[in-house]
Novice: 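After the structure tokens below, expect a handful of questions from me.
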Amino acid sequence: MSHVTHRTVETHGIRLHIAEAGQGPLVLLLHGWPESWYSWRHQLPALAAAGYHAVAPDVRGYGQSDKPWPVEAYSMKTLLADLTGLLDALGEKTAVVVGHDWGAAMAWNCAALRPERFRAVVGMSVPFLGRAPLPPTQLFKQMFQDDWVYILHFQTPGIAEAEFEADIPRTFRTLFAGSTGTDSSALVSRTKKKGAGFLEGLDTPATLPDWLTEADLAYMVEEARGSGFRGGLNRYRNMDRDWEELPELATARILQPALFLVGEQDSTRAYSPTEPMRALVPHLQDIRVVPGAGHWLQQEKPQEVNAALLAFLQGLPA
């Protein structure tokens, strides 16, 4: 990929692979599940051309970064230490942090808990809602009762890994070209019984959407062959641990400039309200719903996302 270079950086006792482009103020791009730096392939050159140093790491557990085995090695506190350590390794005091999916959760928490290091924040797909009133798995059990919920399905190590890794090309084609399988309000989820697999009942389209090429999909599959799925799934297994370890989120507000983007057809909109963010993020500039986009926002609508990011960045104080 032109203008994008790769290297490995030591941070917080592990090695992170990063893709980077450009020079200037640092913009840190954090991917979600089950992706890698590659989900930002359209943003890296655009940010570099506009005068920014764009850096997209493979979060620990993904791609070419280290993949510790213990579940607790993927707590939010640990991930935030990776990211502040990455700033140190890059010789930067501050960065603008941009995140999608689990990367958005990391980005919001970076801004809330380390405001001296992260001067502005953009979240995509997942809004900032502070601390839940109960440990998240308890909350989901109350909300969904006996219904099948993917987050609860992911809690037991080994089960989802075995399903996803049995046929990685099918897994990725299903997730990216069909339904993500994460909409708990969808019929396919509501009709599943406990013990059902994540991919059960989901279509695996023969044809890819216009925004995704066979080469793109092949790259993602090859990355997943090397990393497996355990590291990424361990993030879900730390949700209750995060609740215990970060009680300060109960009163946290994000005071930096902020922006939120979400696809019009993103399944997260079914269970993640956005309006509460206005009180928790008082300098939130916009809650922007991108027409025609689903969950994989920065890949599906790169021009719209790039324009929104650049307008936001160019409006920040020098």
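Predicted, not measured: the structure shown is a model, and the values here were computed from it.
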Novice: So Y62 and H31, would you call those rings parallel, tilted or perpendicular, with 30° and 60° as cut-offs?
Specialist: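 Perpendicular.
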
Novice: Can you check whether E35 reaches W296 side chain to side chain, under 4.5 Å on heavy atoms?
Specialist: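 Yes, side chains in contact.
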
Novice: With sequence neighbours excluded, what pairs up with N109 under the side-chain hydrogen bond (donor to acceptor under 3.5 Å, both in side chains) test?
Specialist: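 N109 satisfies side-chain hydrogen bond (donor to acceptor under 3.5 Å, both in side chains) with no other residue.
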
Novice: Does the W243 side chain pair with the main chain of A132, one donor and one acceptor, at a distance under 3.5 Å?
Specialist: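 Looks like yes, one N/O pair under 3.5 Å.
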
Novice: When the ring centroid of Y150 is compared with that of W33, is the distance short of 6.0 Å?
Specialist: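 No, too far apart.
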
Novice: Of all heavy-atom pairs between A112 and F128, which one has the smallest distance, and what is that distance?
Specialist: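 Heavy-atom minimum between the residues: CB-CZ, 4.3 Å.
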
Novice: Excluding sequence neighbours, so at least two apart, what forms side-chain hydrogen bond (donor to acceptor under 3.5 Å, both in side chains) with S227?
Specialist: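 For S227 there are no side-chain hydrogen bond (donor to acceptor under 3.5 Å, both in side chains) partners, ignoring immediate neighbours.
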
Novice: Is the backbone of V126 close enough, under 3.5 Å, to the side chain of D101 for a donor and an acceptor to pair up by distance?
Specialist: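 No; zero donor-acceptor contacts below 3.5 Å.
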
Novice: Donor-acceptor pair, distance only, cut-off 3.5 Å: does the side chain of K192 make one with the backbone of G197?
Specialist: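 Side chain of K192 to backbone of G197: a pair is present.
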
Novice: Are R288 and E304 close enough that some pair of their side-chain heavy atoms sits under 4.5 Å apart?
Specialist: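 No - every pair of side-chain heavy atoms lies 4.5 Å or more apart.
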
Novice: Go through the steps for L199 and D167 under the test side chain to side chain contact (heavy atoms under 4.5 Å, CB included), then give the verdict.
Specialist: CA-CA 11 Å; L199 298 173; D167 187 343; over 6 Å; no

Novice: Taking the six-membered ring for Trp, are Y236 and W102 closer than 6.0 Å centroid to centroid?
Specialist: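 Y236 vs W102: aromatic centres under 6.0 Å.
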
Novice: Please walk me through it: do M124 and V98 pass side chain to side chain contact (heavy atoms under 4.5 Å, CB included)?
Specialist: CA-CA 8 Å; M124 299 184 193; V98 180; 3.8 Å; yes

Novice: Can you list every pair that meets salt bridge (charged side-chain N to carboxylate O under 4.0 Å, His left out) and has a residue in residues 168-178, with sequence neighbours left out?
Specialist: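 Residue pairs passing salt bridge (charged side-chain N to carboxylate O under 4.0 Å, His left out), neighbours aside: R173-E214.
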
Novice: Which residues pass the side-chain hydrogen bond (donor to acceptor under 3.5 Å, both in side chains) test with R225, not counting sequence neighbours?
Specialist: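 With neighbours one apart ignored, the set is empty.
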
Novice: Ignoring hydrogens and angles, tell me if any N or O in the side chain of E223 forms a donor-acceptor pair with the backbone of M220 under 3.5 Å.
Specialist: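 Not confirmed, E223 side chain does not pair with M220 backbone.
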
Novice: When you look at CD of Q314, are more than 12 heavy atoms from neighbouring residues, nucleotides or ligands closer to it than 6.0 Å?
Specialist: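 It does: Q314 CD has more than 12 such atoms within range.
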
Novice: Donor-acceptor pair, R60 side chain versus L79 backbone, under 3.5 Å?
Specialist: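 Checking the backbone N and O of L79 against the side chain of R60, no donor-acceptor pair under 3.5 Å is found.
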
Novice: Work out which heavy atom in P205 is nearest to a heavy atom in A177; give both atom names and the distance.
Specialist: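 So the minimum-distance heavy-atom pair works out to CG-O, 3.5 Å.
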
Novice: Is a donor on one side and an acceptor on the other found under 3.5 Å between the side chain of Q285 and the backbone of F312?
Specialist: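 Such a contact is absent between Q285 side chain and F312 backbone.
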
Novice: Any Lys/Arg nitrogen of D88 or R117 sitting under 4.0 Å from an Asp/Glu carboxylate oxygen of the other?
Specialist: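 Counted as a salt bridge, because a side-chain N and a carboxylate O are separated by less than 4.0 Å.
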
Novice: Go through the steps for L309 and V27 under the test side chain to side chain contact (heavy atoms under 4.5 Å, CB included), then give the verdict.
Specialist: CA-CA 10 Å; L309 287 179; V27 181; over 6 Å; no

Novice: Counting only heavy atoms from other residues, nucleotides and ligands, does the tally under 6.0 Å from CD of Q23 exceed 12?
Specialist: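 12 or below, so no.
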
Novice: Can you tell me how far apart OH (Y38) and CD (E222) are? Round to the nearest 0.5 Å.
Specialist: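 Y38 OH to E222 CD: 13.0 Å, rounded to 0.5 Å.
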
Novice: Quick one: does P57's side chain get under 4.5 Å of W40's, heavy atoms only?
Specialist: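 SC-SC contact between P57 and W40 ruled out.
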
Novice: Would you say that L26 contacts T94 through its side chain, given a criterion of any heavy-atom pair below 4.5 Å between the two side chains?
Specialist: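 Result no, sub-4.5 Å side-chain heavy-atom pair not found.
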
Novice: Please list all pairs passing the salt bridge (charged side-chain N to carboxylate O under 4.0 Å, His left out) test where one or both residues lie in residues 241-264, with sequence neighbours left out.
Specialist: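 Listed once each, the pairs are R235-D242.
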
Novice: If we ignore hydrogens and angles and just use 3.5 Å, is the side chain of Q298 paired with the main-chain N or O of V305 as donor and acceptor?
Specialist: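 Not at all, since once roles are kept as given, no pair shorter than 3.5 Å links the two residues.
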
Novice: For A293, is there any backbone N or O sitting under 3.5 Å from a side-chain donor or acceptor partner on E300?
Specialist: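 No; zero donor-acceptor contacts below 3.5 Å.
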
Novice: Decide yes or no on side chain to side chain contact (heavy atoms under 4.5 Å, CB included) for R230 and V71, but give the supporting numbers first.
Specialist: CA-CA 9 Å; R230 179 182 170 91; V71 170; 3.8 Å; yes

Novice: Kindly compute the distance separating CZ (F164) from CG (L233), expressed to the nearest 0.5 Å.
Specialist: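 If we round to the nearest 0.5 Å, F164:CZ and L233:CG are 6.0 Å apart.
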
Novice: Restricting to side-chain hydrogen bond (donor to acceptor under 3.5 Å, both in side chains), what partner residues turn up for S125, sequence neighbours left out?
Specialist: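 Only H100, D266 meet the side-chain hydrogen bond (donor to acceptor under 3.5 Å, both in side chains) criterion with S125.
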
Novice: Rounded to the nearest 0.5 Å, how far apart are CH2 of W108 and CG of L280?
Specialist: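 These two atoms lie 10.0 Å from each other.
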
Novice: Would you find a donor on one side and an acceptor on the other, under 3.5 Å apart, between the side chain of D216 and the backbone of T213?
Specialist: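 Here the side-chain-to-backbone pair exists.
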
Novice: Look at the side-chain heavy atoms of Ile, Leu, Val, Met, Phe, Trp and Tyr, link any pair under 4.5 Å apart, and say whether I14 and W37 land in one connected group.
Specialist: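 No; tracing contacts between hydrophobic side chains, which count when under 4.5 Å, never links both residues.
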
Novice: Is the shortest side-chain heavy-atom distance between Q43 and N306 below 4.5 Å?
Specialist: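 In contact.
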
Novice: Please identify which of these residues, T84, I254, L113, meets the side chain to side chain contact (heavy atoms under 4.5 Å, CB included) condition with F118.
Specialist: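 Considering T84, I254, L113, a side chain to side chain contact (heavy atoms under 4.5 Å, CB included) with F118 is found only for T84.
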
Novice: Please check this pair: side chain of D82 against backbone of V59, looking for a donor-acceptor N/O pair closer than 3.5 Å.
Specialist: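 It does not hold such a pair.
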
Novice: Check the hydrophobic clustering (I, L, V, M, F, W, Y; side-chain heavy atoms under 4.5 Å; chains of links allowed) and say if M239 and I159 are grouped together.
Specialist: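 M239 and I159: separate clusters.
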
Novice: Would you say the side chain of P209 lies within less than 4.5 Å of the side chain of F176, judging by non-hydrogen atoms?
Specialist: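 They are not in contact (no side-chain heavy atoms under 4.5 Å apart), so the answer is no.
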
Novice: Please check if the distance between the ring centroids of F154 and F198 is under 6.0 Å.
Specialist: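 Between F198 and F154, which both carry aromatic rings, the centre distance is below 6.0 Å.
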
